[in-house]
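Down below is the structure, laid out as structure tokens.
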Amino acid sequence: MFDTKLLYKELEFQFALSGGPGGQHVNKTETKVIITWHPSSSIVFSEAQKNRIQEKLASKINAEGELKLSVSQTRSQLQNKKLAVSLLEEKLKKALHKPKRRIKTKPSRSSKLKRLQKKKQHSDKKQLRKKPKL
């Protein structure tokens, strides 16, 4: 679909202190990973793909045209980096996926008849449950 190695070269990585459990380790190591990527200046995607990405991920792209993702799930900077890159790849694949067009179909004559017969049968069943009129 797209070259992940080229995409990886376009990413900017920043590291920050991460919250959560981990004791003193959390206070002194920067395990949180922040990825910054500029979709408009990417050489990995065509113009049509860039437009689609910017349209689908508009809520994730800031005013400067940057897509920022931050991951701080694990206590390891390397694992968080891998998770962040895979998360970005998933988001891009999802944004580039084009759903199949639905082909409209008409119900067949027999299916219409079956539906009407079932409705009639259901109606008759309900009528039989009523108290008879005197």
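Heavy atoms only: backbone and side chains are in, while hydrogens, waters and symmetry mates are out.
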4.5 Å side-chain heavy-atom contact, Pro39 and Lys50: no
Distance in Å, Leu17 CG paired with Thr31 OG1, rounded so as to fall on 0.5 Å steps: 8.0 Å
Side chain proximity check, Lys91 to Leu67, heavy atoms < 4.5 angstrom: no
OG on Ser110 to CZ on Arg115, rounded to 0.5 Å: 12.0 Å
Only pairs under 3.5 Å count here: list side-chain donor-acceptor contacts from residues 116-134, not counting sequence neighbours, and write none if there are none.
from	atom 1	to	atom 2	distance (Å)
Lys120	NZ	Asp124	OD1	3.4

Which atom pairs, donor and acceptor, lie under 3.5 Å between side-chain atoms of residues 2-16 and protein residues at least two apart or in another chain?
from	atom 1	to	atom 2	distance (Å)
Asp3	OD1	Lys5	N	3.4
Glu10	OE1	Trp37	NE1	2.9
Glu10	OE1	Ser42	OG	2.8
Glu10	OE2	Ser42	OG	3.3
Glu10	OE2	Ile43	N	2.7

Could you pull out every donor-acceptor pair under 3.5 Å between side chains of residues 52-60 and any protein atom, sequence neighbours left out?
from	atom 1	to	atom 2	distance (Å)
Arg52	NE	Ala95	O	3.1
Arg52	NH2	His97	O	2.8

Interatomic distance, Thr29 atom OG1 to Gln77 atom CD [nearest 0.5 angstrom]: 8.5 Å
Shared hydrophobic cluster for Ile61 and Ile34 (ILVMFWY, side-chain gaps under 4.5 Å): no
Basic-acidic side-chain contact under 4.0 Å: Glu90, Lys93: no
CG-CZ distance between Leu92 and Phe45, expressed to the nearest 0.5 angstrom: 4.5 Å
Minimum heavy-atom distance between Leu69 and Ala84, given as atom pair plus value: CD1-O, 4.2 Å
Rounded distance (nearest 0.5 Å) linking atom OG of Ser76 with atom NZ of Lys82: 8.0 Å
Sole residue of Val33, Thr74, Leu88 in side-chain contact (heavy atoms from CB on, under 4.5 Å) with Leu83: Thr74
